[in-house]
Amino acid sequence: MERNTLSSTMQELILKVCGFVRFLFPSQAASLLSCCHGRLVDIVFNSTLAKEMTDFLELRALSASERCVLYDGRVLAALDQYLVACNFHGKELTEELLNMWISSLTGKSKTVRIKVGTIRNFVKYLNNMGNYSFLPMPPKVKSDYIPYIYSEEELQRIMCCADTLVPQNPNMCSSFFRLKIPMFIRILYGCGTRLEETVSLQRKDVDFKNGTLFLRKTKFSKERLIPAHHSLLDILERHCFALGIMDQPDAYLFPGKKPCTHYTSRQMQHWFSKILELTGIDQRSKQPNERGACLHGSSRICSQINAAAGGRRTSC
C-alpha cells in the first residue's frame, strides 16, 4: 500500500514537471506509457529488474527530455528482453552477462557506445540502491564510414552529364541553373569543400588574385582559407561574369530562386542523385555503414588526388 501511495505521488510530480510521462505498475510487468507527438509508446519490462528499470526511468523523467527518456526506455527494454531470454532471475548484473549483451548489439560503434552509456547509468542506479552490478566500460568509437571511390571514367561521365543537365521543368528552377550545377561540382572536386561550405560561398569569398577561397560557414564554426587551381578559378571567373555578380561582393555564387538566398544542400544532393542515375553510377544496394556514391565523398576524393600529386591542387 505504501508503494502505491509513493507511485501515485510520483506520477503527479512527473505530470506537473514534464507534462508528458505517466507511469503504471501492473502486478506482473512494469510498463512505461508516454505520449510522443500524438503517438502512444508502450514499453513493458518483464524481467526480475522490471521494477528497478521503471523506477530508474521515473527518476530520469524528472531531469531529462522526453526524447532521452524514451530512448533510455527502448535500450532498457532490449536489455530486459535479453535477461528474460537468458532466464535471468537475480538482481545483480554480472560482467559476463553484460559483456554478452553488449556483444549482441548491432549498428555503428557510436550507436553501441550510446546504448552502453544508458546501461552504465542504470548500473550506477542499481549500485546506489544496493544491487551491486558490474559497470561496463564504454566501447571505443571507430570510423564505420565506407567511402565510395570514383574512377577517372566515372568522374568524366559526371562532369559531362552536369554540363548537359536539363531540368524537366525549367520554370521551377532558378535562373542560370545550367551554370550553377557544373560549377558546384567542380568546386567540390577541385577543392574538397563540404556541401554547406560550397552553397554558401559569396563573391567576396573568392580571391582571384591570390587564388584562394575563403570558407566562412564550416564544420565546428572554423573559418578556412583554401587554395584553388588556376583552371578552376578561370571557370569560376566566367561563372561570376555570366551571373552578373563580379562587382557584387555579397552575392551568392549559387543564388536560389528567391532574392538573398542560395541553393540548399538538399537541392544539390537531389541534382547530383539525378546525375548518378543518368550516368548509371553506383545504382546497387548498399552494404551496412556504406554511403555509396554521393557528394560527401568529394572531399575524400580531393585528398587522395592531392596526396598522389604531392600536395599540389589538380586542374578541373
Side-chain angles (χ1 to χ4, degrees), residues 18 20-21 30 32 34 36-37 39 41-86 88 90-149 194-196 218-222 265 285-292 294-297 299-300 303:
C18 302
F20 57 85
V21 177
L32 166 67
S34 175
C36 179
H37 303 296
R39 294 180 301 163
V41 180
D42 189 1
I43 303 176
V44 178
F45 304 123
N46 296 299
S47 70
T48 54
L49 289 175
K51 175 181 175 298
E52 287 77 8
M53 289 181 177
T54 304
D55 290 345
F56 170 75
L57 290 176
E58 285 186 3
L59 191 61
R60 284 283 288 162
L62 293 175
S63 59
S65 66
E66 175 187 13
R67 183 178 180 181
C68 290
V69 174
L70 291 179
Y71 181 83
D72 288 351
R74 288 192 292 267
V75 175
L76 289 176
L79 176 60
D80 181 82
Q81 293 176 4
Y82 184 83
L83 296 178
V84 172
C86 294
F88 176 79
K91 290 286 187 179
E92 299 178 354
L93 299 174
T94 64
E95 178 179 0
E96 180 182 5
L97 181 65
L98 286 177
N99 286 338
M100 289 178 60
W101 178 75
I102 293 174
S103 63
S104 68
L105 298 177
T106 59
K108 296 184 178 181
S109 58
K110 183 178 180 180
T111 302
V112 173
R113 183 183 177 91
I114 295 174
K115 291 181 178 179
V116 173
T118 297
I119 300 305
R120 280 175 56 86
N121 291 333
F122 177 60
V123 167
K124 292 177 182 178
Y125 170 80
L126 289 178
N127 291 338
N128 289 332
M129 299 302 294
N131 298 327
Y132 298 104
S133 300
F134 173 73
L135 184 64
M137 292 297 295
K140 294 182 178 180
V141 176
K142 60 181 180 180
S143 177
D144 299 312
Y145 176 74
I146 303 176
Y148 181 89
I149 307 302
R194 297 184 177 89
L195 270 68
E196 191 60 35
T218 66
K219 194 173 184 179
F220 305 120
S221 301
K222 293 182 179 180
S265 299
S285 59
K286 307 298 185 297
Q287 298 297 322
N289 304 324
E290 184 181 16
R291 181 174 282 168
C294 64
L295 284 172
H296 292 285
S299 59
R300 289 176 170 80
S303 299

- Qualifying residues under side-chain contact (heavy atoms from CB on, under 4.5 Å), relative to Ser133, sequence neighbours excluded: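 side-chain contact (heavy atoms from CB on, under 4.5 Å) list for Ser133, sorted by chain: Glu92, Leu93, Val123, Leu126, Asn127.
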- For Gln81, check side-chain hydrogen bond (donor to acceptor under 3.5 Å, both in side chains) against everything at least two apart and list the hits.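 Testing Gln81 for side-chain hydrogen bond (donor to acceptor under 3.5 Å, both in side chains), a comparison that skips the adjacent residues, returns none.
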- Note on the structure: Residue set satisfying side-chain hydrogen bond (donor to acceptor under 3.5 Å, both in side chains) with Lys124, at least two apart, ordered chain then number -> none
Could you report the tightest heavy-atom contact between [X] and [Y], atom names first, then the distance?
X: Val141; Y: Arg113; result: CG2-CD, 3.2 Å
X: Leu98; Y: Phe134; result: CD1-O, 3.1 Å
X: Val112; Y: Pro139; result: CG1-CG, 4.1 Å

- Before giving the answer on side-chain contact (heavy atoms from CB on, under 4.5 Å), spell out for Met53 and Leu83 the whole-Å C-alpha distance, their side-chain angles and the decisive distance to 0.1 Å. CA-CA 12 Å; Met53 289 181 177; Leu83 296 178; 4.2 Å; yes
Nearest-0.5 Å distance, [atom1] of residue [X] to [atom2] of residue [Y]:
X: Thr118; Y: Arg74; atom1: OG1; atom2: CZ; answer: 10.0 Å
X: Tyr71; Y: Lys115; atom1: OH; atom2: NZ; answer: 5.5 Å
X: Ile114; Y: Asp72; atom1: CD1; atom2: CG; answer: 10.5 Å
X: Leu70; Y: Glu66; atom1: CG; atom2: CD; answer: 5.5 Å
X: Met129; Y: Lys91; atom1: CE; atom2: NZ; answer: 10.5 Å
X: Leu76; Y: Leu57; atom1: CG; atom2: CG; answer: 5.5 Å

- Item | Any donor-acceptor N/O pair, Arg120 side chain to Leu135 backbone, under 3.5 Å |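 No.
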- Message: The criterion is salt bridge (charged side-chain N to carboxylate O under 4.0 Å, His left out); which residues satisfy it with Asp80, sequence neighbours excluded?
- Response: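 Partners of Asp80 by the salt bridge (charged side-chain N to carboxylate O under 4.0 Å, His left out) criterion come out as none, since no residue qualifies.
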- Task: Answer whether the closest heavy-atom distance between the side chains of Phe88 and Leu49 falls below 4.5 Å.
- Result: yes
What donor-acceptor contacts under 3.5 angstrom involve side-chain atoms of residues 99-106, with partners at least two apart or in another chain?
residue, atom, partner, partner atom, Å
Asn99, ND2, Glu95, O, 3.2
Ser103, OG, Asn99, O, 3.2
Ser103, OG, Met100, O, 2.7
Ser104, OG, Trp101, O, 2.5

- Item | Pairing residues for Phe56 by the ring pair (Phe, Tyr, Trp, His ring centres under 6.0 Å) criterion, not counting sequence neighbours | Phe122, Tyr125
